[in-house]
Amino acid sequence: MKKEIKAYNNILELVGNTPLVKLNKVTKGFQGNFYAKVEAFNPGHSAKDRIALHIIEEAERKGILTEGSTIIETTSGNTGFSIAMASIIKGYDCILAVSSKSSKDKIDMLRSMGAKVYVCPAHVSADDPRSYYEVAKRLHKETKGSIYINQYFNKLNIEAHYKSTGPEIWEQTGGRITHLVACSGTGGTISGTARFLKEQNPDVKVIGVDAFGSVLKKYHETGKLDEKEIYPYRIEGLGKNLIPGATDFEIIDEYIKVTDADSAHAAREVSRTEGMFVGYTSGAAMQALKQLNEAGEFDGNSIVVVVFPDHGSRYMSKIYNDQWMEDQGFMNTISVEETQEIQF
Ligand code: PMP
């Protein structure tokens, strides 16, 4: 009898079911137990594989996407990569409008995956015709038979995490999770995951990570978009200059803001201490854990899950490049521990 071939039918079958990995050294001296949901284990190396696949397959089920259709999206890179990957397997064309803030590595990577990429200026308002939102909308209108994923306002973004990330974390923690800490960009990850977890246990505390220069934290607290909160910042994929319809603000207990410099150093620290090569927003999430721990948020019984959204390889020309760190002025903010290392 022939032996069975143990293979996946295609790369998309590997989306989801990412591991939960204990944080050991980077959380030394913290109160509580800390686990990272390592989304870089998705085949597209980020959590965005989940939403790309879910939204595309829902559109297929509804008959909106048919052979030869074009998929259009605005993206800081990760969603684009995931859509491009799914488009290859499923036979669609992929057009992406990205912010000029995105790293060159990310843009090159999207083009390598067959996507047509439009690079749009980062520091214009969302309703400016040059913004990546407006460019995507225009391309959608101009391209016959196209769909616009619109991750910032698409409720299926939340649903993707409600159906996958949430149940996985609940199962992996044996239902013992006490805190979820996750970055908030479109808000899909935190909203969908939190909705599932709070349905199982309303006491799970949900903390969103936001950037200085973004409106999310203030909006959560006041219900108003404060334009004064908006200024350029470096972290890609976290925070926003508008209120995303894919964020369920009700389900988030609180937001915490982190700086560009602290987040960059925290990402480098996770890589060096845990051997997990993580992206910039994973550093932001790690920095949030540090601030929360310092503020006394956790105790010995806390079981904290932090979502690490993507892989460090996407940031080689940024946070993992000493010259870039130097140019941002981030090297002036290095910790005492690192300073001692350098003197030695
Ligand atoms: N980290 C990275 C690297 C991202 O690209 C994004 C998505 N913009 C996020 C975090 C935030 O995830 P979400 O959009 O689900 O809030």
Side-chain angles (χ1 to χ4, degrees), residues 18 36-40 42 44-52 54-55 73-83 96-99 101-103 105-107 109-110 122 132-133 149-166 180-195 206-211 214-217 220 233-249 251-252 255 258 260 263-264 266-267 270 277-288 306-315 318-319:
T18 54
K37 182 73 170 156
V38 191
E39 289 296 291
N42 281 296
H45 301 160
S46 88
K48 295 296 182 179
D49 282 2
R50 298 175 187 269
I51 72 158
H54 184 64
I55 294 172
E73 182 53 329
T74 52
T75 170
S76 68
N78 283 329
T79 308
F81 189 88
S82 301
I83 296 168
L96 304 167
V98 312
S99 156
K101 203 169 79 169
S102 301
S103 66
D105 312 350
K106 279 187 176 179
I107 293 166
M109 215 165 358
L110 298 175
Y132 54 103
Y133 309 107
I149 298 259
N150 202 4
Q151 61 170 331
Y152 284 93
F153 292 91
N154 193 333
K155 297 282 191 259
L156 293 173
N157 176 353
I158 297 181
E159 192 179 272
H161 291 285
Y162 175 81
K163 288 193 164 171
S164 65
T165 322
L180 173 72
V181 178
C183 295
S184 198
T186 66
T189 306
I190 189 162
S191 306
T193 307
R195 188 176 293 170
V206 175
I207 300 158
V209 185
D210 191 19
S214 153
V215 297
L216 301 178
K217 182 175 193 290
H220 182 252
Y233 57 92
R234 285 286 169 204
I235 313 173
E236 297 163 35
L238 169 64
K240 218 58 230 166
N241 58 357
L242 51 72
I243 307 305
T247 306
D248 180 355
F249 285 93
I251 212 148
I252 298 162
Y255 272 98
V258 292
D260 287 339
S263 302
V270 170
F277 194 39
V278 295
Y280 204 167
T281 54
S282 304
M286 185 60 230
Q287 177 59 27
V306 58
V307 180
F308 284 169
D310 74 351
H311 196 258
S313 58
R314 296 202 167 151
Y315 306 89
K318 296 203 166 178
I319 58 170

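Order of listing sets the numbers, starting from 1, for every ligand and every atom in it.
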With a 4.0 Å cut-off on heavy atoms, is [X] in contact with ligand 1?
X    : answer
N78  : yes
G279 : no
Y315 : yes
D310 : yes

Looking only at heavy atoms, what is the nearest atom pair of [X] and [Y], with distance?
X    : Y    : answer
Q287 : A266 : N-CB, 3.9 Å
Y280 : A264 : CE2-N, 3.4 Å
F277 : S313 : CE2-N, 3.4 Å

Indicate, as side chain, backbone, both or neither, the part of K48 found under 4.0 angstrom from ligand 1 when only non-hydrogen atoms are considered.
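Only the side chain of K48 comes within reach of ligand 1.
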Test of understanding: given a 4.0 Å heavy-atom threshold, classify the contact between P309 and ligand 1 as side chain, backbone, both, or neither.
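The answer is the side chain of P309.
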Relative to the heavy atoms of [X], which atoms of ligand 1 are at a distance of less than 4.0 Å?
X    : value
T189 : 12 (O), 13 (P), 15 (O)
G188 : 15 (O), 16 (O)
S184 : 16 (O)
T186 : 13 (P), 14 (O), 15 (O), 16 (O)

Pairwise distance [atom1]([X]) to [atom2]([Y]) - rounded to 0.5 angstrom:
X    : Y    : atom1 : atom2 : value
N154 : I55  : CG    : CD1   : 4.0 Å
N78  : R314 : CG    : CZ    : 4.5 Å
Y315 : D310 : OH    : CG    : 3.5 Å

Can you confirm, on distance only, whether ligand 1 has an N/O atom lying under 3.5 Å from any N/O atom belonging to [X]?
X    : result
N157 : no
G185 : yes
H161 : no
G187 : yes
T281 : yes

Is the shortest heavy-atom distance from the side chain of R50 to the side chain of T18 under 4.5 Å?
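In contact.
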Quick one: do F81 and M109 satisfy side-chain contact (heavy atoms from CB on, under 4.5 Å)? Show the steps, please.
CA-CA 7 Å; F81 189 88; M109 215 165 358; 3.5 Å; yes
Does the side chain of Y152 pick up a donor-acceptor pair with the side chain of T74 at under 3.5 Å?
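Y152 vs T74: no donor-acceptor pair found between side chains.
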Answer yes if the side chains of E73 and T79 hold a donor-acceptor pair under 3.5 Å, and no otherwise.
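Note: E73 and T79 side chains miss the donor-acceptor criterion.
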Return the option from A160, G237, A182, G192 holding the heavy atom at the smallest distance from atom 4 (C) of ligand 1.
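Going through A160, G237, A182, G192 one by one, G237 has the nearest heavy atom to atom 4 (C) of ligand 1.
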